[in-house]
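The shown structure was predicted, so the numbers you read here are calculated from the model rather than taken from an experiment. Numbering of ligands and ligand atoms starts at 1, following listing order.
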Amino acid sequence: MKRFQGWGDINVDYPVPEPARNYLSNYFGNPLKLKNASPEDILQRVPQSRLKPHPMITTDPLQRASHSRGQSTNDWVDMMDGLVDSFPDGVCYPTSLQDVQDIIQFAKKTGAYLIPYGGGSSVVGHLTPLKEFSPSLSIDMTRMDRVLDINEQDMTARIQAGASGPVLEQQLNDQGYTLGHFPQSWEYSTLGGWIVTRSVGQQSYYYGRIEPLFAGGHMETPRGSMLLPSIPKSAAGSDLREWVLGSEGRYGILTEATMRIRKIPERENFYAAFFPNWDEGVKAEMEIAQRQLGVCMSRLSDAMETEVTLILSGEEKLVSLAKKGLNLFGQRDERVMLIYGVTGENAATNLAKREIKSIIHKHHGIGVDFYLGDAWKRKRFLTPYLRNTMWDLGYNLDTFETSLPWSVLKDYNKTVMHDLTHALDHVNEKVLAFSHISHIYTNGASNYFTYIYRRSKDPVETLERWRKIKDMVSLRILEFGGTISHQHGVGIDHKPYLQKEKTPLGMQLLKNSIKTLDPDGICNPGKLLDMENE
Ligand SMILES: Cc1cc2nc3c(=O)[nH]c(=O)nc-3n(C[C@H](O)[C@H](O)[C@H](O)COP(=O)(O)OP(=O)(O)OC[C@H]3O[C@@H](n4cnc5c(N)ncnc54)[C@H](O)[C@@H]3O)c2cc1C
């Protein structure tokens, strides 16, 4: 069962091992012991619904509260510290296209605002019902979760948009296929959410990001149905799929998508390597990308993330032995870890592995073929649960990400690390930050930061600390010519920074498209960008 507050399944935990706790208290000083708001506290805040009745809509306070936020820091402070003060006025669970069409008509007639809801895993405020747009209705898509049809000749599958990662993979795997899209939120996030937020899976280098996997589909808008045929490639003007990708619920509801699928691969393995420092590791990553070698993923952790990963493994003896071994080869505190994977047919993966190994050697790296790669695979969806434990220990853990050209990545990384280290000096607080490169391209890569700071006993102050960091970092990203988001989207949190990336003319184009498909502005208003009347 999904947690009401925090991330993930209620029965899954990621305890922080003793050495890691000690490390944190040595770094930060003792964290405060803070109490979370109880579910009852939250439910008491749910006001009377203002929606007109409809047989498909529930106004049950628990349902409304469960759909009121996603997973951003704002969302966490609201739900964990009990600051949440806006809720959808109702929730509905469509099971068919007809249901979706009926609900859109109901909203048009009664003046309700619609917030499409997939897995609720947004980390940038996509799902918050804004008080100025009420009454609002959350449309939970998770009952539209079937693989409708597999076309074996075309290697495509028609899948309903509310299918979560495990639900759609199970249905495809039963027929010998996979979509191969594995974001870290895979357990809960849905196909529709992935498409409209332009999500990226961990093995995108082999399977492709969500964009090339999305071959066509059906978007139901207040102006009617937008049908996207699944044509292999077309030169017939602009590609309408591009408009749906990244639309963040503003055009209406994606009800199904035709996805490019693959046969379940013959082989899939993950391995590790250590480089003496970040610079050597980055050079190796760049070479892997520019020679377009057959890896499925290639994730380079900086020195701090490498250290944190080793501490969190809870394998004290093994780690100490490994460190001694690496020291003998001259790899000390600056060492960085690469986790890479190979997916596909045996012959191709053997070749890829050989080529990667030669790059590792060329850049003074040491390959480790056992334990670490498997451990990464085992824990790939478990790591986010660490955020729950950290919060309860008195810390907020959040992330931000961008992608930039190789030519500026190194300077960007160094500058942002420096910014973060001093971001909370004004309140005498420290920030612990680390980063990795996780998605590589011939012309650049994504750089993903994780940072931790102590929560304050005043939740508003906890949020202020987060806001200071978000603004500082977002401006740096733009200064270095990166994107405000490589994979999480815009939502509310990145809205102030979008215009710089898109330009005023680009923003006008986006606004006009919303006006065309949703002239009354009833679909997820206040997210992605502000319309003139919002
Ligand atoms: C622990 C964790 C790990 C994450 N890891 C990754 C990662 O590895 N890669 C990555 O890309 N992202 C990641 N994310 C971010 C998030 O999972 C993605 O943005 C994901 O695509 C959101 O999907 P969802 O189904 O949960 O959508 P939701 O969060 O429910 O909604 C997101 C947006 O999509 C809209 N929407 C949802 N479904 C539909 C639909 N059918 N039609 C129209 N609009 C719709 C909503 O209105 C909202 O604007 C992570 C988040 C968490 C919490």
Under the 3.5 angstrom rule, does the side chain of Thr156 hit a backbone N or O of Arg260 as a donor-acceptor pair?
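Flag not set: sc Thr156 to bb Arg260 has no pair under 3.5 Å.
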
With a 4.0 angstrom cut-off on heavy atoms, strictly below it, pick out the residues next to ligand 1 and order them by chain and number.
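Ligand 1 is contacted, at a heavy-atom distance under 4.0 Å, by Trp7, Gln71, Pro116, Tyr117, Gly118, Gly119, Gly120, Ser121, Ser122, Val123, His126, Leu127, Met141, Ala161, Pro183, Gln184, Ser185, Ser189, Thr190, Gly192, Gly193, Trp194, Val196, Thr197, Ser199, Val200, Glu248, Gly249, Gly252, Ile253, Leu254, Pro384, Gln487, His488, Asn524.
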
List for me each residue that meets ring pair (Phe, Tyr, Trp, His ring centres under 6.0 Å) alongside His54, sequence neighbours excluded, and say none if there are none.
Phe106

Where does the angle between the aromatic ring planes of Trp376 and Phe270 fall among parallel (under 30°), tilted (30 to 60°) and perpendicular (over 60°)?
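Ring orientation, 0 to 90° scale: tilted.
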
Mind checking what makes side-chain contact (heavy atoms from CB on, under 4.5 Å) contact with Ile159, not counting sequence neighbours?
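In terms of side-chain contact (heavy atoms from CB on, under 4.5 Å), with neighbours along the sequence ignored, Ile159 is linked to Val147, Ala157, Ala163, Leu168, Leu172, Leu191, Met259.
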
By side-chain contact (heavy atoms from CB on, under 4.5 Å), which residues pair with Pro229, not counting sequence neighbours?
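In terms of side-chain contact (heavy atoms from CB on, under 4.5 Å), with neighbours along the sequence ignored, Pro229 is linked to Ile231.
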
Is Glu242 salt-bridged to Arg198, cutoff N-O under 4.0 Å?
yes

